[in-house]
Amino acid sequence: QQPVQSPQAVILREGEDAVINCSSSKALYSVHWYRQKHGEAPVFLMILLKGGEQKGHDKISASFNEKKQQSSLYLTASQLSYSGTYFCGTVLMTTDSWGKLQFGAGTQVVVTP
Amino acid sequence: GAVVSQHPSRVICKSGTSVKIECRSLDFQATTMFWYRQFPKKSLMLMATSNEGSKATYEQGVEKDKFLINHASLTLSTLTVTSAHPEDSSFYICSARDRAGGNTEAFFGQGTRLTVV
């Protein structure tokens with residue numbers, strides 16, 4: 001039930017762009033994106049609820065293709081502060097009303113000067 | 001945003017002892033809380049769903065008798081690692097929502113790093 005994330009890691013120079021993908025084998029109700037720094041709790045970035053929905057947070061944006069059960073996170077003009085591990089979390093359509101969030105394996109992003 | 005407080009942040013215990021981790025929602029009522037476990041450089045693995053006033057629901061493969069969860073009030077859930085062993089060493093983290101369902105942000109506690117020696 002865990003989503004599949006790719007790539008596992010990406011190294012960027014400041015100002016470069018990157019895309020992180022998240023896919024599920026089951027129908028999705030929502031996709032959540034978090035960023036975690038070493039030794040800290042995950043920090044919420046955004047939720048995508050509807051098929052085709054796109055959202056943005058500063059220069060980080062995401063899309064959700066409900067039909068393909070996929071979501072992508074776009075890091076645009078990356079900044080040093082973008083470094084961390086990005087996790088997508090998914091809530092399945094068939095899940096109980098509690099809204100259990102299952103996380104992908106994570107994508108480690110390193111932004112260098 | 002809402003605040004979830006987890007305590008302690010770090011704990012070292014001897015093998016065979018039990019450790020209790022607390023998760024509190026400070027400014028909202030959380031009827032449901034979730035407990036995760038994270039190994040170094042790995043993902044967050046959902047262990048169980050904690051519901052106020054009822055038994056927790058455990059994910060497949062998680063030992064109920066080893067990881068005791070109690071959700072005694074709308075603002076407090078506890079995870080007790082019983083008879084801890086070195087393989088239980090991990091980062092444990094809780095999360096909660098201020099509303100039911102999967103269309104809202106899940107707020108995370110700071111996490112507890114457990115080391116069993």
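To find a chain, count down the sequence lines: A is the first, B the second, and so on, and within it residues start at 1. These numbers come from a predicted model, not from an experiment.
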Would you please indicate yes or no on a ring centroid separation below 6.0 angstrom for B:Phe108 and A:Tyr34? yes

Looking only at heavy atoms and a cut-off of under 4.5 Å, which of B:Lys41, B:Arg113, B:Glu59 has the most pairs with chain A? B:Glu59

With a 4.5 angstrom heavy-atom cut-off, which part of [X] approaches chain A: side chain, backbone, both or neither?
X       : result
B:Thr57 : side chain
B:Ile93 : side chain
B:Gln6  : neither

Would you mind checking which part of [X] comes under 4.5 Å of any heavy atom in chain B, side chain (CB onward), backbone (N, CA, C, O), both or neither?
X        : result
A:Gln36  : side chain
A:Leu101 : both
A:Gln2   : side chain

Would you tell me whether [X] and [Y] have side-chain atoms, one donor and one acceptor, within less than 3.5 Å of each other?
X       : Y       : result
A:Thr90 : A:Tyr29 : no
A:His32 : A:Ser30 : yes
B:Asn70 : B:Thr78 : no
B:Trp35 : B:Ser95 : no

Are there more than 12 heavy atoms of other residues, nucleotides or ligands under 6.0 Å from atom CG of A:Leu80? yes

